[in-house]
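Written below as structure tokens is the structure these notes are about.
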Protein chains: 2
Amino acid sequence: MTKKHATSKFMETDPPKKPSRIQQRNRRKILDAALDVFSAQGYRGATLDQIAETAGLSKPNILYYFGGKEEIHITLLNQLMETWLDPLVEMSADGDPLEELLSYVQRKLDMARDLPRESRLFANEILQGAPRMGPHLESHLKPLFDEKCTLIQGWIDHGKLAEIDPRHLLFSIWSTTQHYADFEAQVHVLLATTGAEHADEYLQTLFTKLLTPAR
Amino acid sequence: MTKKHATSKFMETDPPKKPSRIQQRNRRKILDAALDVFSAQGYRGATLDQIAETAGLSKPNILYYFGGKEEIHITLLNQLMETWLDPLVEMSADGDPLEELLSYVQRKLDMARDLPRESRLFANEILQGAPRMGPHLESHLKPLFDEKCTLIQGWIDHGKLAEIDPRHLLFSIWSTTQHYADFEAQVHVLLATTGAEHADEYLQTLFTKLLTPAR
DNA sequence: GGGTTACTTTACCAAATGGTAAAAAAACTT
DNA sequence: AAGTTTTTTTACCATTTGGTAAAGTAACCC
């Protein structure tokens with residue numbers, strides 16, 4: 001009965017029949033549980049049993065929907081990549097440069113707050129040297145990064161922004177915003193509150209001062 | 001022959017006889033190898049076999065020097081905590097506030113460059129919710145953090161620095177500097193060079209603009 | 001309602017992994 | 001050199017973990 005040599009029985013291309021309601025529901029449950037576990041424990045720290053229990057399914061049942069642990073992880077990373085780059089994609093050449101960048105910062109911070117699991121999943125993957133994501137970074141992130149760097153450099157050249165290195169600017173936006181999700185355990189101890197209280201205001205100030213051109 | 005209920009046979013307090021040359025050498029080799037492996041794979045991702053091979057010792061031999069995997073990890077974290085907080089400790093009330101903070105930023109960046117393994121070990125631990133470090137954060141980091149926040153706030157109150165939240169200032173210093181070590185895999189892809197080329201200049205500019213008081 | 005297909009469970013397994021016991025080999029001590 | 005202590009190796013072990021086979025159950029289709 002085993003047909004094809006696809007990684008998963010759901011990756012076949014011949015009959016693109018849409019997944020049943022049960023399939024959709026269970027795959028969603030599994031991916032959600034896996035996000036929980038992978039983001040909290042890292043890839044190797046996560047176990048299929050944990051994922052199964054969190055999802056409320058049995059381990060073999062999970063392996064009915066996914067080819068294996070790694071396939072679940074890769075599926076998550078691929079899904080993540082899209083939403084993760086969204087805020088940057090939205091930053092467009094239209095509109096005021098400073099406003100565009102500041103609202104990008106805000107979107108990124110909101111994202112870290114709303115999707116901390118995703119942020120940690122990503123952080124874990126990069127920390128370990130991006131073993132399952134290297135190609136994706138090269139093919140998706142790099143072009144977008146270069147494009148936006150050029151855009152920002154253009155703004156600078158037109159005197160719309162202070163003269164700073166666009167690449168490091170993006171790095172600092174990413175690091176400062178994601179910090180609140182990735183290092184939450186530390187932030188929580190130090191602020192003794194649930195998170196980034198006045199982070200919004202602080203970061204807006206930071207990047208305003210950094211980016212406002214000296215006239 | 002087993003005496004005491006200490007976690008390790010090297011934690012006994014009665015005969016504080018100094019460790020032999022062999023002991024010192026092997027413990028150092030083990031800790032160095034463990035730093036390699038833990039920082040690259042995370043706690044659960046690291047295996048004793050990997051550590052043993054990297055250290056050039058057999059697994060049981062490693063367990064002769066340490067009580068177990070966790071003890072090695074904890075030893076590393078404890079050692080790390082000291083050097084890690086050093087740059088912040090050095091920031092003193094004497095000297096120009098802006099200079100003090102900027103050279104703190106520089107020291108932190110140098111540290112991320114010189115000790116990337118340590119940075120990643122720490123990042124891994126915090127990412128997983130600081131399961132073996134929570135108390136340490138509370139007892140060591142928190143007091144230091146509060147002290148330095150007060151110091152910075154004092155500087156601000158005297159008009160020596162712009163009015164910003166000291167807590168978030170420290171967060172942004174940590175995140176921006178450590179980013180180059182923790183997210184090296186990503187930075188490397190995007191810069192297509194071995195690391196933080198002009199990070200020094202960029203971060204100095206960033207924090208100068210942020211901290212210079214409007215007069 | 002009978003048959004086919006989709007889904008779930010039960011019972012396993014092989015490899016990996018943290019760890020131990022005890023013998024063997026070095027290293028020190030006198 | 002003999003005896004004692006320290007260090008290393010060999011041979012295991014119990015558990016965990018990713019994964020599978022096959023039988024059972026529920027859904028769907030006519």
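As the structure is a computational prediction, the values presented were derived from the model and not from experiment. Here is the naming used below: chain letters follow the sequence lines, and residue numbers restart at 1 for every chain.
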Verify the distance criterion only: is there a donor paired with an acceptor across the side chains of [X] and [Y] at less than 3.5 Å?
{"X": "A:Gln50", "Y": "A:Asp36", "answer": "no"}
{"X": "A:Asn124", "Y": "B:Gln128", "answer": "yes"}
{"X": "B:Tyr202", "Y": "A:Ser172", "answer": "yes"}
{"X": "A:His168", "Y": "B:Tyr180", "answer": "yes"}
{"X": "A:Gln106", "Y": "A:Asp110", "answer": "yes"}

How long is the line joining [atom1] of [X] and [atom2] of [N], in whole Å?
{"X": "A:Gln41", "N": "D:dT16", "atom1": "CD", "atom2": "P", "result": "15 Å"}
{"X": "B:Asn26", "N": "D:dT7", "atom1": "CG", "atom2": "C1'", "result": "8 Å"}
{"X": "B:Ile30", "N": "C:dG19", "atom1": "CD1", "atom2": "P", "result": "13 Å"}
{"X": "B:Leu63", "N": "D:dC12", "atom1": "CG", "atom2": "C1'", "result": "14 Å"}
{"X": "A:Ile62", "N": "C:dT9", "atom1": "CD1", "atom2": "P", "result": "11 Å"}
{"X": "B:Glu71", "N": "C:dT20", "atom1": "CD", "atom2": "P", "result": "11 Å"}
{"X": "A:Lys69", "N": "C:dA16", "atom1": "NZ", "atom2": "P", "result": "14 Å"}

So does [X] get a side-chain nitrogen or oxygen closer than 4.0 Å to the phosphate oxygens (OP1/OP2) of [N]?
{"X": "A:Gln23", "N": "C:dC7", "value": "yes"}
{"X": "A:Tyr64", "N": "C:dT8", "value": "no"}
{"X": "A:Tyr65", "N": "C:dA6", "value": "no"}

Lys/Arg-Asp/Glu bridge criterion (N-O < 4.0 Å) met for B:Asp32, B:Arg117: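 The answer is yes: the pair qualifies as a salt bridge.
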Quick one: which protein N/O atoms are closer than 3.5 Å to N/O atoms of nucleotides 24-29 of chain D? Pair and distance per line, please.
none

Side chain to side chain, A:His188 and A:Phe183, heavy atoms closer than 4.5 Å: no
Flag side-chain contact, heavy atom, 4.5 Å: B:His140 against B:Glu82: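 Counting from C-beta outward, B:His140 and B:Glu82 never come under 4.5 Å.
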Cation-aromatic face contact B:Arg167/B:Phe145, 6.0 Å, 45 degrees: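 No.
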Any residue of residues 42-61 of chain B with a heavy atom less than 4.0 Å from an atom of DNA chain C: B:Ala46, B:Thr47, B:Leu48, B:Lys59, B:Pro60
